Structure formats: structure tokens, C-alpha cells
Amino acid sequence: MTQSVLVLPGDGIGPEIVAQAKRVLEHLQQHHGLDVTLEEALVGGAAIDSTGIPLPEETLQKAKCADAVLLGAVGGPKWEALDISIRPEKALLGLRSQLELFANLRPAVLYPQLAEASSLKAELVAGLDILIIRELTGGIYFGQPRGVSEVNGEKVGVNTYVYSESEIRRIAHAGFKAAQKRNKRLCSVDKANVLEVTELWRDVVTEVGKEYPDVELSHMYVDNAAMQLIREPKQFDVIVTGNMFGDILSDAAAMLTGSIGMLPSASLDANGKGMYEPIHGSAPDIAGGGVANPLATILSVAMMLRFSLQRADLAEQVEKAVGVVLDQGYRTADIAAGNESVNTQAMGDAVIAALK
Ligand code: IPM
Ligand code: MG
């Protein structure tokens with residue numbers, strides 16, 4: 001059955017990197033029997049510029065109907081002065097919650113060809129392969145009440161850190177299931193020594209763990225987890241944590257690999273539908289220059305093939321092709337460590353050539 005992919009290029013370098021990922025999808029359509037239709041829609045600042053809002057109803061409806069969504073990046077200085085409620089980032093948060101994409105998979109994998117790019121010593125990161133699973137539709141990002149109001153003659157800001165048992169349970173299951181497919185170790189990160197909500201988190205994860213006796217469960221406070229990620233990152237296999245802690249720890253983990261331009265992500269609902277995007281942002285400083293690294297977006301296509309399009313075979317081929325172009329010495333500026341680099345299009349060409 002033909003599956004449908006909605007492509008949301010977004011802002012900044014988004015359209016440039018998505019164009020290359022789209023070429024990869026089209027190549028797979030033409031030469032490897034991938035049966036998908038591709039459609040595009042507006043999101044983020046691009047949508048604000050033409051419709052006044054970051055997530056137009058039409059885009060949301062198309063995203064709801066699609067089997068998978070490929071997103072470039074949103075945001076940029078042009079829209080920073082807007083009220084927080086209509087900024088480009090709101091589109092991302094809206095898509096995540098409206099599509100119920102509660103499980104965010106953020107792998108941090110070090111490509112041996114790029115070991116020199118890490119900010120840690122090579123021996124600490126050689127072979128690094130960890131997976132952060134971030135809860136994406138709850139926690140302090142979405143808790144009510146929220147806002148800034150006037151109390152006793154001064155402004156007071158409030159956000160609410162809230163998780164229900166069922167929200168914790170479903171992300172815990174996602175964590176254990178992912179660990180079962182890897183090295184069978186799951187570390188749940190919380191702040192149970194201070195925050196009641198994460199005390200509940202710890203209790204529920206522990207309870208769910210009884211259903212997965214083959215997975216070794218550990219718990220870590222988030223401050224310690226931040227330290228351990230820098231001290232000895234290879235101790236981790238899968239990390240499962242809440243929305244805000246996951247946001248912070250996944251940036252730190254990405255930097256261990258030295259190349260945020262290489263890391264894909266998947267945001268999944270309970271039925272295998274997903275939104276796929278590179279971990280990096282819209283990089284307004286280089287937007288329009290055609291020099292951005294498209295590999296994170298191309299690797300996001302691989303995750304899409306695996307998790308939403310049931311084509312693990314093609315996912316492997318794409319991942320292998322990325323390894324091949326790195327072996328061949330192709331580097332975009334972000335991973336070139338000052339050496340010669342190729343542009344976005346040339347990197348796309350190289351991946352497609354490696355797929356042949
Ligand atoms: C991320 C980003 C987003 C987040 C922003 C752009 C809203 O930092 O996907 O990690 O905080 O979730
Ligand atoms: Mg982030």
C-alpha cells in the first residue's frame with residue numbers, strides 16, 4: 001500500500017537540507033521500490049510569513065493524514081520579536097502534541113571517521129552509541145497553569161511540571177522496548193530527591209520494569225546524569241527521561257559526537273506514525289549559503305524508513321551510504337575540521353551515488 005510522507009522544510013537551512021533528503025527519498029522511489037507519495041506544506045516562520053501563524057490548520061491536517069512527516073528546522077531572528085504564543089517554535093510543539101508524538105528518540109552515535117571532532121578525548125567517545133528517549137508531549141513544556149501575571153504589585157512567572165502515571169508508563173515502555181533491541185540497559189533520569197513529580201516518575205518506571213526482567217534498570221538524578229555524560233558517556237545504553245531534562249541532556253550528548261549536523265531524531269506516537277527531523281536548528285547564520293550538512297536530515301529519512309515505512313532494509317542502505325561518503329572523505333564545513341569541504345548539494349549527490 002502506498003504510504004504518504006509530508007515534507008515540512010521550515011526556515012533557515014531547513015529548505016536546503018530537506019531538499020537533499022527529498023532527493024534521497026525520490027531516488028529510493030525510482031530505483032529501490034519505495035512506495036510513497038511526497039507532499040509539502042508550510043511550517044514555522046515560513047508559515048507565519050504567508051499566513052500569519054506558525055502552524056496553519058492545513059498543515060496540521062496534512063500532518064495528521066500522513067504516515068510520516070519530515071521536518072527541516074524552524075525559527076530565526078526574523079521572528080524572535082513575536083509573542084511566544086505565535087513564534088515558529090510553537091509549530092513544533094503543536095505538531096508534537098496534536099499528533100501525540102510522545103516518544104522522542106535521539107541517538108548520539110559517534111562516526112569513527114569523525115572522532116577528532118568530539119570535544120572529549122577520543123578514547124572516551126570511541127564507539128559511542130547511546131539513545132536518549134525523551135518524553136515529548138508532557139511535563140513542564142505543556143503543564144498548566146502557565147504564564148506571567150501580576151501578583152502583589154510585581155510580575156510572577158509560572159510553569160507547571162506535571163506527569164500522570166499513564167504518561168510515564170507509556171514512555172517507560174518505549175524505553176524498555178528500545179533497550180531490549182540494544183544492550184538491554186535502561187537508565188531513567190529524574191530529580192526524585194527534590195521534585196515529587198519525578199518521585200512518581202521513578203516509582204512508575206520501576207513498576208513497569210518488572211515486565212522487562214531482561215533489561216537492567218538504573219536510576220540517576222539529572223545533575224549527576226549531566227556529569228556522567230561528560231565523564232564517562234559509554235556507561236549508557238538507553239536513557240529515558242522527561243521533556244525538559246531530555247531537551248538538555250540530548251544537546252549535551254549530541255556534542256559528544258562532535259557533530260550536531262550528523263544526528264537525526266524520531267518523534268513517535270503509539271502506532272508507528274512519526275515526525276523525523278535533524279537534531280540541529282535552523283542555523284540562520286549560514287542559511288541560504290548552500291553549505292549546511294544534510295546528513296542529519298538524510299539519517300532522519302533512514303529512521304523514517306525503519307519506524308514508519310517498514311523498510312528497515314532501505315534504512316540500512318541509507319545509513320551505509322552515509323558511512324561510505326564519510327569514508328570517501330566527503331565533509332561539509334561543520335565536520336571538516338578546517339579541511340576542504342563540499343557544499344550541501346554535493347553531499348546529497350555523494351549519498352545518492354553511494355546508494356547506487
Ligand atoms: C528541541 C528544541 C525544541 C525544544 C525547541 C526549538 C522548541 O530545542 O527539539 O530540542 O525545546 O524541544
Ligand atoms: Mg533542544
Side-chain angles (χ1 to χ4, degrees), residues 8-14 17-18 43-48 53-55 59-60 63 69-108 130-143 146 157 159-163 167 171 174 189 222 225-226 229 239-257 259-269 274-285 287 292 296-297 299-300 303-304:
L8 302 175
D11 309 320
I13 59 170
I17 52 177
V18 160
V43 77
I48 294 173
I53 48 167
L55 181 56
T59 300
L60 180 60
V69 179
L70 179 68
L71 185 129
V74 294
K78 184 174 175 193
W79 305 282
E80 256 159 32
L82 293 175
D83 186 81
I84 197 166
S85 62
I86 53 159
R87 260 188 237 158
E89 289 79 1
K90 265 285 166 200
L92 254 187
L93 299 172
L95 282 165
R96 289 171 181 172
S97 75
Q98 296 283 325
L99 302 182
E100 294 184 69
L101 307 172
F102 67 90
N104 183 209
L105 277 47
R106 298 190 164 190
I130 61 188
L131 175 63
I132 296 187
I133 300 191
R134 166 189 178 192
E135 200 291 328
L136 202 59
T137 51
I140 198 164
Y141 270 53
F142 293 95
R146 65 188 298 156
N159 285 94
T160 301
Y161 193 165
V162 54
Y163 270 119
E167 284 176 303
I171 194 70
V189 170
V222 63
L229 267 177
I239 290 176
V240 66
T241 190
N243 207 339
M244 184 168 60
F245 297 163
D247 178 45
I248 298 166
L249 294 180
S250 62
D251 265 29
M255 207 51 231
L256 299 179
T257 73
S259 49
I260 199 161
M262 294 293 302
L263 299 181
S265 76
S267 305
L268 307 174
D269 75 358
M275 180 161 81
Y276 300 82
E277 52 179 312
I279 282 193
H280 60 72
S282 60
D285 53 325
T297 318
L299 289 166
S300 299
M303 289 188 97
M304 173 190 289

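As the structure is a computational prediction, the values presented were derived from the model and not from experiment. Both counts, for ligands and for their atoms, begin at 1 and track the order of listing.
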| task | Let me see the working for I86 and W79 under side chain to side chain contact (heavy atoms under 4.5 Å, CB included), right down to the final yes or no. | result | CA-CA 9 Å; I86 53 159; W79 305 282; over 6 Å; no

Within the protein, flag every N or O under 3.5 Å from an N or O of ligand 1, and note the pair and distance.
{"residue": "ligand 1", "atom": "8 (O)", "partner": "D247", "partner atom": "OD1", "Å": "3.2"}
{"residue": "ligand 1", "atom": "9 (O)", "partner": "R96", "partner atom": "NH2", "Å": "2.7"}
{"residue": "ligand 1", "atom": "9 (O)", "partner": "R106", "partner atom": "NH2", "Å": "2.8"}
{"residue": "ligand 1", "atom": "10 (O)", "partner": "R106", "partner atom": "NH1", "Å": "3.0"}
{"residue": "ligand 1", "atom": "10 (O)", "partner": "R106", "partner atom": "NH2", "Å": "3.1"}
{"residue": "ligand 1", "atom": "10 (O)", "partner": "R134", "partner atom": "NH1", "Å": "3.2"}
{"residue": "ligand 1", "atom": "10 (O)", "partner": "D247", "partner atom": "OD1", "Å": "2.9"}
{"residue": "ligand 1", "atom": "11 (O)", "partner": "Y141", "partner atom": "OH", "Å": "2.5"}
{"residue": "ligand 1", "atom": "12 (O)", "partner": "R96", "partner atom": "NH1", "Å": "2.8"}
{"residue": "ligand 1", "atom": "12 (O)", "partner": "R134", "partner atom": "NH1", "Å": "3.2"}
{"residue": "ligand 1", "atom": "12 (O)", "partner": "R134", "partner atom": "NH2", "Å": "2.8"}

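The shortest distance between side-chain heavy atoms of M262 and T257 does not fall below 4.5 Å. Within the 4.5 Å cutoff, side-chain heavy atoms of L256 are placed close to those of L229. Considering only heavy atoms from C-beta on, L92 comes within 4.5 Å of M275 through its side chain. Using a 4.5 Å heavy-atom cutoff, the side chains of F245 and I239 are not in contact. Counting only heavy atoms from C-beta outward, the side chains of H280 and I17 approach each other to under 4.5 Å.
Inside a sphere of radius 2.8 Å centred on the Mg ion (ligand 2), the protein N/O/S atoms present are D247 OD1.
Here the options are P54, P9, P88, S282, the test is side-chain contact (heavy atoms from CB on, under 4.5 Å), and the partner is V74; only P88 passes. Screening L249, D247, I171 for a side-chain contact (heavy atoms from CB on, under 4.5 Å) involving R134 leaves a single residue, D247.
Of the inter-residue distances, the one linking N104 atom CG with S250 atom OG reads 7.0 Å to the nearest 0.5 angstrom.
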